[in-house]
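By convention in this document, chain letters (A, B, ...) are assigned in the order of the sequence lines, proteins followed by strands, and residues within each chain are numbered from 1.
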There are 2 protein chains.
Amino acid sequence: MIDIRQMRYFVTLAETLHFGRAAERLHLSQPPLSRQIAALEKDLGVRLIERHSRQATLTHAGSRFLQDARAVIASFDEACRNAKAADRGELGELSIGFMMHAAYTVLPGLARGYIAAYPEIDLKLREVVPHALIGEVLAGRFDAGILFSPGAVRGLEIRPIYQERLCLAVYGSHRLAGRNSAGPEDIKDEPLIATSADSASMIRKAVEDYCRDAGFEPTIRLQAQLQNTIINLVAEGLGIALVPESMRRLALPSVSCISLADAPSVEHVLAWRPTNLNPALKNFLAMSLPARA
Amino acid sequence: MIDIRQMRYFVTLAETLHFGRAAERLHLSQPPLSRQIAALEKDLGVRLIERHSRQATLTHAGSRFLQDARAVIASFDEACRNAKAADRGELGELSIGFMMHAAYTVLPGLARGYIAAYPEIDLKLREVVPHALIGEVLAGRFDAGILFSPGAVRGLEIRPIYQERLCLAVYGSHRLAGRNSAGPEDIKDEPLIATSADSASMIRKAVEDYCRDAGFEPTIRLQAQLQNTIINLVAEGLGIALVPESMRRLALPSVSCISLADAPSVEHVLAWRPTNLNPALKNFLAMSLPARA
DNA sequence: CGATCATGATACCGAAAAGGTATGGATTTA
DNA sequence: TAAATCCATACCTTTTCGGTATCATGATCG
């Protein structure tokens, strides 16, 4: 049966039009080359090269076959290279699910760095509401997720990549609006706006712990799912809120963010299934280490 | 070394994810398949398939390799098919040089028929002034030429494909203008417009022979290279001319073409080098036979 | 929990194929 | 006409391939 080796032989022969020199270039003696070419022609049922006493010439079929064989060999070699590249995690696909907060903190740098280092990886990024993310990663719909630390989850490996402090968002006419910093005592009797426990429970928990450590229960007036909503409601004067510092970016002019003494913090983590064999994931994880600082 | 056979094995294996069934489909027993896959993986330095006790799964590199291998195999098989098709003259290139007259007679039908029968042949048609055509065919710049019969030419095979009669082109106010037919006696003392001997010598020769057979020498007043020019000069009343009947098509309204008794004729021939090995030429020649009538 | 089954790997053997050396035949060159 | 060039062929050795038999490892089932 015809194989790629015969194609390589033929291409070299076609380039030299000389059995002896082609064989030499192939690190082969001349008779095996003659035989392989003859076998190739026999299997194809087509004469590819015309042997004259002085110099050989390609037949029309041979010259067509030369074109095609070059293309086949190139794609063959590329297939082999691609397999290795895919194995090294330099070629393929990597899908990352992330919660919205990550878009304001670690995601941009991480994605930029990864794309620059692995341009051949098709990086798919999709935002997912935080509480759905763990399930999606577990189900294999994402190679990794960026979310607030959910504690230990069976079947997931988790690594902190970013620690973010909360700050106090107040509306312009609020009594704290001009302050540089605030402490837990300042929010003791303030009605707070917070995320519902099921959407971004880590923030909610951090807020509650912060208040409890100071000896009181927070007064949650309003619950919203999205941080944008919370900021908006603060702007409308319906209450104040503890929000991640990165949310400053989407704070409206009428909202000011005040640093908190001993500010509570929430942790961004990477989560992935340790059984995930996507080689691209390894590189992504390796790259996410230096970015930790 | 990796070869295309291992790729085929791998593709089948990847499609079944089962060594036993893949081997069966390949008309092979299972151990050789296992060994070939192992060898493939070893040569690539990449694990392509994960063996579990219940079912095998592709690694990421394997699934990439599957895509690529399919493409390689397809192009490999196509290269082989193409070589055969090229050898049968169904794929490749065929260049035909033709004199202008052919565009009014045999060329359109021939080209249409050939293109319809051999759509994968890149048919290159180029008009060439008649007296240059023989040289170009001899030099190999055309696979064949369509021209007036030049008699025997060393190194060329020649085959008549069309016999065309000459007719008499006269201007509107000429005394013969109303006639249905004419004979040699009618042009005895007429000043004729003819092609120069070096451009379309066959027509010139046919005209001269026609007159000489009737016992007189033609009076050539004007010589032109192109038939269009001749027709134009006739229209301008500078003389009358014997032109191939197909030239009626480009006759101006003021020119009428009159049939000649015992009309002289010129022969269109195909000319090609018998040493030309282009398989497409054989088919073209075969096809030009039925068109002879 | 042990027997059985399914699945792929390994060991070993004979057949096929590949490459090497020596040489022959045809044609060109000196 | 002798020498040289070039590809084909003959023959041998080595390598590779596929086949059979068998083993190791988990999964399945009574």
Side-chain angles (χ1 to χ4, degrees), chain A residues 1-59 61-63 65-66 69 73 76 80 275 277, chain B residues 1-59 61-63 65-66 69 73 76 80 275 277:
Chain A
M1 198 44 48
I2 304 171
D3 75 354
I4 201 99
R5 180 172 37 88
Q6 294 174 318
M7 277 197 182
R8 292 189 202 274
Y9 288 3
F10 173 73
V11 169
T12 303
L13 174 60
E15 283 167 354
T16 60
L17 293 173
H18 189 290
F19 283 74
R21 277 187 281 279
E24 191 180 2
R25 200 195 285 183
L26 290 164
H27 309 293
L28 207 66
S29 63
Q30 168 262 319
L33 175 61
S34 285
R35 261 182 290 129
Q36 289 298 335
I37 298 297
L40 174 61
E41 290 178 321
K42 184 173 168 230
D43 285 343
L44 282 173
V46 173
R47 177 149 281 249
L48 298 174
I49 193 160
E50 219 61 60
R51 287 85 161 162
H52 307 115
S53 40
R54 197 87 212 108
Q55 201 193 17
T57 55
L58 291 181
T59 63
S63 118
F65 192 65
L66 174 59
I73 290 167
F76 180 95
C80 296
T275 58
L277 293 175
Chain B
M1 196 42 50
I2 303 170
D3 75 351
I4 201 100
R5 180 173 37 88
Q6 294 174 319
M7 278 197 180
R8 291 188 202 274
Y9 288 2
F10 173 73
V11 169
T12 303
L13 175 59
E15 281 167 355
T16 60
L17 293 173
H18 190 291
F19 282 74
R21 275 187 283 280
E24 191 179 3
R25 200 195 286 183
L26 289 163
H27 310 294
L28 206 64
S29 63
Q30 169 262 320
L33 176 60
S34 286
R35 260 182 291 129
Q36 290 297 336
I37 298 297
L40 174 61
E41 289 178 322
K42 185 173 167 234
D43 285 342
L44 282 174
V46 173
R47 178 149 281 250
L48 297 174
I49 193 160
E50 218 61 59
R51 286 84 160 166
H52 308 117
S53 42
R54 197 87 212 105
Q55 200 193 16
T57 55
L58 291 182
T59 63
S63 121
F65 192 66
L66 174 59
I73 291 168
F76 179 95
C80 296
T275 58
L277 293 175

*Please state how far atom CG in A/Leu28 lies from atom P in C/dT21, giving the value in whole angstrom units.*
11 Å

*Quick one: are A/Val11 and A/Leu66 in side-chain contact, heavy atoms under 4.5 Å?*
yes

*Within the pair A/Gln36 and C/dA18, is there a side-chain N or O less than 4.0 Å away from OP1 or OP2?*
yes

*May I have the distance from A/His27 (atom NE2) to C/dG20 (atom C1'), rounded to whole angstrom?*
16 Å

_Can you tell me how far apart SG (A/Cys80) and CG (B/Leu40) are? Round to the nearest 0.5 Å._
7.5 Å

*asked:* Any side-chain N or O of B/Ser53 below 4.0 angstrom from OP1/OP2 of D/dA27?
replied: yes

*Would you say the base of D/dA8 and the side-chain of A/Gln30 have a donor-acceptor pair closer than 3.5 Å?*
yes

*Grab the NZ-C1' distance between A/Lys42 and C/dA18 for me, whole Å please.*
16 Å

*asked:* With a 4.0 Å limit, can you tell me whether A/Ser34 has a side-chain N or O closer than that to the phosphate oxygens OP1/OP2 of D/dC7?
replied: no

_Rounded interatomic separation in angstrom, taking CZ from B/Arg35 and C1' from D/dT16_ = 9 Å

*OP1 or OP2 of D/dG18 less than 4.0 angstrom from a side-chain nitrogen or oxygen of B/Tyr9, does that happen here?*
yes

*May I ask you to test the B/Leu277-A/Glu50 pair for a side-chain heavy-atom distance under 4.5 Å?*
yes

*Touch check for B/Leu33, heavy atoms < 4.0 angstrom, all strands: base, sugar-phosphate only, or nothing?*
nothing

_Closest-nucleotide 5' rank along DNA chain D - winner of B/Gln6 and A/His52_ = A/His52

*With no hydrogens and no angle check, is any side-chain donor or acceptor of A/Thr59 less than 3.5 Å from a backbone partner on A/Arg47?*
yes

_A/Arg5, nearest nucleotide to its side chain (from C/dA18, C/dA9, D/dC6)_ = C/dA18

*Pairwise 5' ranking along DNA chain C for B/Ala38 and B/His18, keeping only the more 5' one*: B/His18

_Can you identify which nucleotide, out of C/dT10, C/dG8, C/dG19, has its nearest atom closest to the A/Pro32 side chain?_
C/dG19

*A/Arg54 CZ to D/dC6 P: how many Å, rounded?*
5 Å

*OP1, OP2 of D/dG18 versus side-chain N and O of B/Ser29: anything below 4.0 Å?*
no

*Whole-Å distance separating the CD1 atom of B/Ile37 from the C1' atom of D/dG18*: 14 Å

*Rounded to whole angstroms, how far apart are CD on A/Glu24 and P on C/dG20?*
13 Å

_Side-chain N,O (B/Arg51) to OP1/OP2 (C/dA9) below 4.0 Å_ = yes

_If we ignore hydrogens and angles and just use 3.5 Å, is the side chain of B/Glu41 paired with the main-chain N or O of B/Leu48 as donor and acceptor?_
yes

*Whole Å only: how far is the CG atom of A/Leu26 from the P atom of C/dG20?*
11 Å

